[in-house]
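Data first, discussion second: the structure below is written as structure tokens.
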Amino acid sequence: MSDPTVESAPSNFIRNIIDADIESAKHQQVVTRFPPEPNGYLHIGHAKSICLNFAIAQDYPDAVCHLRFDDTNPGKEKSEYIEAIKEDVRWLGFDWGDSLHHTSDYFEQLYAYAVQLVKQDQAYVDSLSAEDIRLYRGNLTEPGKDSPYRNRSVEENLELLEKMKTGEFAEGEHLLRAKIDMAAPNINMRDPAIYRIKNMSHPMTGDTWHIYPMYDFAHCVSDAIEGITHSLCTLEFEDHRPLYDWFLEQLQTPARPQQIEFSRLNLDYTIMSKRKLHELVEGGFVDGWSDPRLPTLSGMRRRGYTPAAIRDFCSRIGVTKKDNIIEMSVLENSLREDLNTTSSRALAVLDPIKLIIDNYPDDQEEMLTGVNHPKDPEMGHRDVPFSKVLYIERSDYMADAPKKFFRLSEGREVRLRFAYYVTCTHVVKDEQGEVLEVHCTYDPETRGGKSADGRKIKGTIHWVSAQHAVTAEVRMYDRLFTIPAPASEKERDYKEFINPESIQVLKGCQLEASMAGAEKRAYQFERQGYFCLDSVDSSADALVFNRIVSLRDSWAKKK
RNA sequence: UGGGGCGUGGCCAAGUGGUUAAGGCACGGGGUUUUGAUCUCCGCAUCCCAGGUUCGAGUCCUGGCGCCCCAGCCA
């Protein structure tokens with residue numbers, strides 16, 4: 001396994017349990033698993049679980065983490081998702097080695113275990129309708145009551161189960177249930193379903209089965225079969241733990257995995273529910289699963305997030321049982337920290353306005369040197385062409401600017417990054433009063449951006465030479481929702497809170513010449529943020545960049 | 001009002017009866033700086049409430065209060 005190993009994984013209550021289990025010699029080897037259902041794409045919430053499980057496998061001697069597709073419901077699952085999930089896990093930097101499994105690999109064993117339960121008179125075939133089963137289950141405060149089919153003989157149950165298996169019944173006609181206690185205070189223990197009839201072919205097993213196991217039965221047994229020692233899942237499964245343990249106890253499985261629950265990740269200004277993500281994708285509210293605004297791993301990848309940043313984020317947020325909503329700034333901080341050290345710099349003008357240096361010779365051009373990283377000389381430097389007519393950012397000029405505005409305004413001098421000091425003399429406007437051109441004079445003695453007299457220049461702005469610039473489209477992304485917790489909105493639909501400005505497309509952006517050869521990696525456009533080529537829409541003759549994240553901007557905050 | 005969980009600063013999170021309650025993010029302020037970036041320094045809580053046990057409690061006990069999850073032949 002690669003990089004992740006070097007990162008320090010902070011301790012948490014789960015690791016404390018594992019430490020104690022090793023200390024007490026309950027286990028010699030730790031085995032975890034990441035068990036996605038292939039019914040959608042992975043998101044940052046899954047990354048939390050992936051990092052937890054795989055990092056444990058990296059940190060404990062001889063430990064392993066299995067990747068297991070929980071494919072027990074052919075009605076919802078597709079192999080398309082399996083491939084996407086594998087790609088995402090790999091991209092995050094983890095390796096399941098030869099531990100790739102599917103719950104469907106165990107269908108035969110699962111069935112044998114079900115037969116065993118029937119033989120032990122701990123499971124029965126119910127023939128109530130779905131509606132009646134619901135009625136018989138009772139509710140939160142009232143106990144349920146026994147199904148009239150609850151006391152069928154073992155022989156009859158065996159016979160019916162076999163027929164269910166071979167497809168002799170229609171869906172919904174029968175159901176295999178555990179015989180536990182219809183009056184249990186925990187509703188999960190009120191004779192939960194074990195197998196339901198689904199006359200459907202399965203991506204992995206084709207048409208061999210007409211019945212498919214339910215999660216509660218399949219998951220614990222699969223864990224036991226694989227010798228999982230610690231089965232980590234989210235809080236909503238807490239109530240299922242007694243059932244998890246019940247199955248393994250009745251079946252007397254050799255291995256007894258321990259289920260431990262932790263709280264799922266919530267991030268503000270976005271949604272994490274698979275159902276809602278499906279809805280956004282299928283409803284065309286976003287551009288597919290890999291829309292850069294989505295918290296899906298494929299979306300974040302396209303946006304330009306790095307695996308290292310996501311791993312760092314996951315280790316910072318911790319693992320507990322407390323409900324939480326993490327602020328986006330934590331994620332962005334992890335991102336910026338990584339991007340700051342790894343990305344080389346470039347000058348790019350997103351909202352261009354012409355800057356004309358009146359005392360610079362008309363036909364002259366020269367090559368200046370730009371450092372690729374201000375703190376890392378190893379990243380080298382590059383040539384940046386300079387000439388009389390430049391583009392600068394529209395927001396870098398202001399008439400009647402306040403004292404603290406360290407940019408251009410009539411009479412003020414600024415430094416053009418890597419180039420010269422220029423002083424604004426006047427501007428040219430159109431009939432509407434829009435500024436068309438900013439005119440300046442430059443000081444030839446300040447080549448490279450420094451002066452012999454040591455005069456202090458407070459402001460440095462970026463620029464590109466108009467005749468050398470390459471034009472590009474730049475997509476600026478912002479939070480997908482306008483409120484911090486769209487998912488917990490009770491009165492209104494979360495889709496009403498989609499941020500209409502979550503994507504802003506800028507055309508005609510002017511980038512420094514070297515960007516014509518931009519590679520598939522992140523760049524910092526100085527003073528603006530981190531950007532990368534869009535993997536889908538960018539081409540050599542029509543560059544499209546995504547803004548991964550902006551730079552911190554204490555000036556904007558102050559205003 | 002059945003069952004299961006959770007409650008330490010704005011958001012996370014250490015803390016497992018005994019120094020002035022770690023750390024990160026955010027926020028406020030100072031310094032450095034050819035990115036108002038980076039870097040750096042400083043500031044920023046008595047632990048949901050109320051009783052109790054103890055020489056000593058965020059950590060133990062009792063009673064409240066608040067929030068989350070569960071009534072799929074989904075996972």
Side-chain angles (χ1 to χ4, degrees), chain A residues 10-12 16 35-37 39 70 72-73 75-77 126 128-130 133-134 137-144 171-177 184-190 192-198 211-212 214-216 218-219 233-242 261 263 268 274-275 315-334 336-337 340-341 345 347 370-371 373-375 404-407 414-419 421 446 448-450 457-462 484 488 524-529 550-558:
Chain A
S11 194
N12 56 54
N16 291 342
E37 182 189 14
N39 68 341
D70 209 354
T72 57
N73 186 353
K76 290 189 174 174
E77 298 146 6
D126 199 350
L128 245 26
S129 67
I133 284 181
R134 190 172 60 76
R137 184 154 36 225
N139 56 41
L140 294 183
T141 51
E142 294 164 28
E171 291 185 14
E173 226 176 306
H174 303 287
L175 179 72
L176 184 71
R177 294 228 260 169
N186 180 343
I187 294 179
N188 293 304
M189 300 301 271
R190 319 238 262 230
I194 297 177
Y195 267 100
R196 76 290 216 185
I197 298 170
K198 271 186 186 289
I211 55 173
Y212 293 95
M214 300 293 292
Y215 167 85
D216 283 311
H219 204 88
C233 63
T234 43
L235 251 30
E236 67 272 26
F237 292 102
E238 218 148 14
D239 292 344
H240 295 242
R241 186 169 5 108
E261 311 84 12
S263 53
D268 63 5
K274 260 191 190 180
R275 204 207 95 233
S315 76
R316 284 182 199 230
I317 57 176
V319 178
T320 67
K321 292 174 79 91
K322 200 172 83 172
D323 288 328
N324 61 77
I325 302 182
I326 310 288
E327 292 175 347
M328 198 60 96
S329 63
V330 181
L331 213 207
E332 291 179 343
N333 180 72
S334 292
R336 290 190 182 112
E337 202 165 274
N340 178 47
T341 63
R345 319 282 128 136
L347 302 183
V371 295
H373 191 113
K375 300 220 162 151
K404 290 281 195 182
F405 183 79
F406 306 137
R407 308 180 190 181
V414 303
R415 171 166 38 234
L416 295 177
R417 172 128 248 229
F418 310 135
Y421 294 177
T446 58
K450 48 188 173 292
I457 297 294
K458 194 74 175 137
T460 299
I461 67 173
H462 59 281
S488 32
Q524 184 197 98
F525 291 172
E526 296 205 18
R527 302 211 301 139
Q528 316 213 74
S550 69
L551 248 32
R552 274 201 192 81
D553 189 349
S554 58
W555 168 245
K557 212 174 298 170
K558 213 167 274 184

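Heavy-atom basis, side chains included; hydrogens, waters and symmetry copies ignored. Being a predicted model, the structure only gives us computed values, none of them experimental.
- With hydrogens and angles ignored, a donor-acceptor pair under 3.5 angstrom links the side chain of A/Arg407 to the base of B/rG36.
- In this structure, A/Asn186 atom CG and B/rG5 atom C1' are separated by 12 Å, rounded to whole Å.
- Within 4.0 Å (heavy atoms only), A/Ala130 reaches at least one base atom of the nucleic acid.
- Remark: B/rG72 base-pairs with no nucleotide in the shown strands. Criterion, Watson-Crick or G-U wobble with two distances under 3.5 Å.
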Sort me out a list of protein N/O and nucleotides 7-11 of chain B N/O pairs below 3.5 Å, or just none if empty.
unit_1	atom_1	unit_2	atom_2	d
B/rU8	OP2	A/Lys322	NZ	2.7
B/rG10	N2	A/Glu327	OE1	3.0
B/rC11	O4'	A/Glu327	OE2	2.9
B/rC11	O3'	A/Ile325	O	3.1
B/rC11	O2'	A/Ile325	O	2.7

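- Here A/Tyr215 does not lie in a stacked arrangement on the base of B/rA75, lacking the combination of planes under 30° and ring centres under 5.5 Å apart.
- Residue contacts shown for A/Thr72 are limited to sugar-phosphate atoms, with no base heavy atom under 4.0 Å away.
- Distance A/Glu171 CD to B/rC73 P: 14 Å, rounded to the nearest Å.
- In terms of polar N and O atoms assigned as donor or acceptor, the side chain of A/Gln528 never comes within less than 3.5 Å of the base of B/rU35 in a complementary pairing.
- Pair check for B/rA13 finds none; no Watson-Crick or G-U wobble contact set falls under 3.5 Å.
- No hydrogens or angles were tested; on distance alone, a donor-acceptor pair under 3.5 Å links the side chain of A/Arg345 to the base of B/rU35.
- A syn base is found at B/rG72: its glycosidic angle is within 90° of 0.
- Taking the nucleotide of RNA chain B with the nearest heavy atom to each of A/Ile197 and A/Arg417, the more 5' of the two is matched to A/Arg417.
- Among the heavy atoms of the strands, none lies under 4.0 Å from A/Met189.
- Nucleic acid contact for A/Lys274: none, since no nucleic acid atom lies under 4.0 Å from a heavy atom of the residue.
- Map A/Phe406 and A/Ser263 each onto its nearest nucleotide of RNA chain B; the residue landing nearer the 5' end is A/Ser263.
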N/O to N/O distances under 3.5 Å, protein versus nucleotides 67-69 of chain B:
unit_1	atom_1	unit_2	atom_2	d
B/rC68	O4'	A/Asp323	OD2	3.4
B/rC68	O2'	A/Asp323	OD2	3.4

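- The phosphate of B/rA13 (OP1 or OP2) has a side-chain N or O of A/Thr320 nearer than 4.0 angstrom.
- Atom CG of A/Asn39 is separated from atom C1' of B/rG72 by 14 Å (rounded to the nearest Å).
- For B/rG43, the paired base is B/rC27 (Watson-Crick or G-U wobble, both distances below 3.5 Å).
- Using a 4.0 Å heavy-atom criterion, one finds that A/Phe418 contacts the bases of the nucleic acid, with or without backbone contacts as well.
- A/Arg241 pairs by the salt bridge (charged side-chain N to carboxylate O under 4.0 Å, His left out) definition with A/Glu261, not counting sequence neighbours.
- Heavy atoms of A/Tyr421 sit nowhere under 4.0 angstrom from any nucleic acid atom.
- Here A/Lys557 reaches the OP1 or OP2 of B/rC27: one of its side-chain N or O atoms lies under 4.0 Å away.
- B/rC65 is paired with B/rG7 under the criterion used here, namely a Watson-Crick or G-U wobble arrangement in which both key atom distances are under 3.5 Å.
- Atom C1' of nucleotide B/rA71 and atom CG of A/Leu140 are separated by 5 Å, given to the nearest angstrom.
- By the ring-ring contact (aromatic ring centres under 6.0 Å, His included) test, A/His219 pairs with A/Tyr215, sequence neighbours left out.
- Across all strands, A/Asp553 comes closer than 4.0 Å to no nucleic acid atom at all (heavy-atom distances).
- A/Arg415 has no side-chain polar atom (N or O) that falls below the 4.0 Å cut-off from OP1 or OP2 of B/rU35.
- Nucleotide B/rC74 holds its P atom 11 Å from the CD1 atom of A/Ile133, rounded to whole Å.
- Pair assignment for B/rU54 gives none, since no Watson-Crick or G-U wobble pairing has each distance under 3.5 Å.
- Partners of A/Asp268 by side-chain contact (heavy atoms from CB on, under 4.5 Å), not counting sequence neighbours, listed by chain and number: A/Ile325, A/Glu327, A/Met328, A/Pro484.
- Evaluation of the salt bridge (charged side-chain N to carboxylate O under 4.0 Å, His left out) rule for A/Glu171 yields no partner, not counting sequence neighbours.
- The residue A/Arg190 sits apart from the nucleic acid: no heavy atom pair falls under 4.0 Å.
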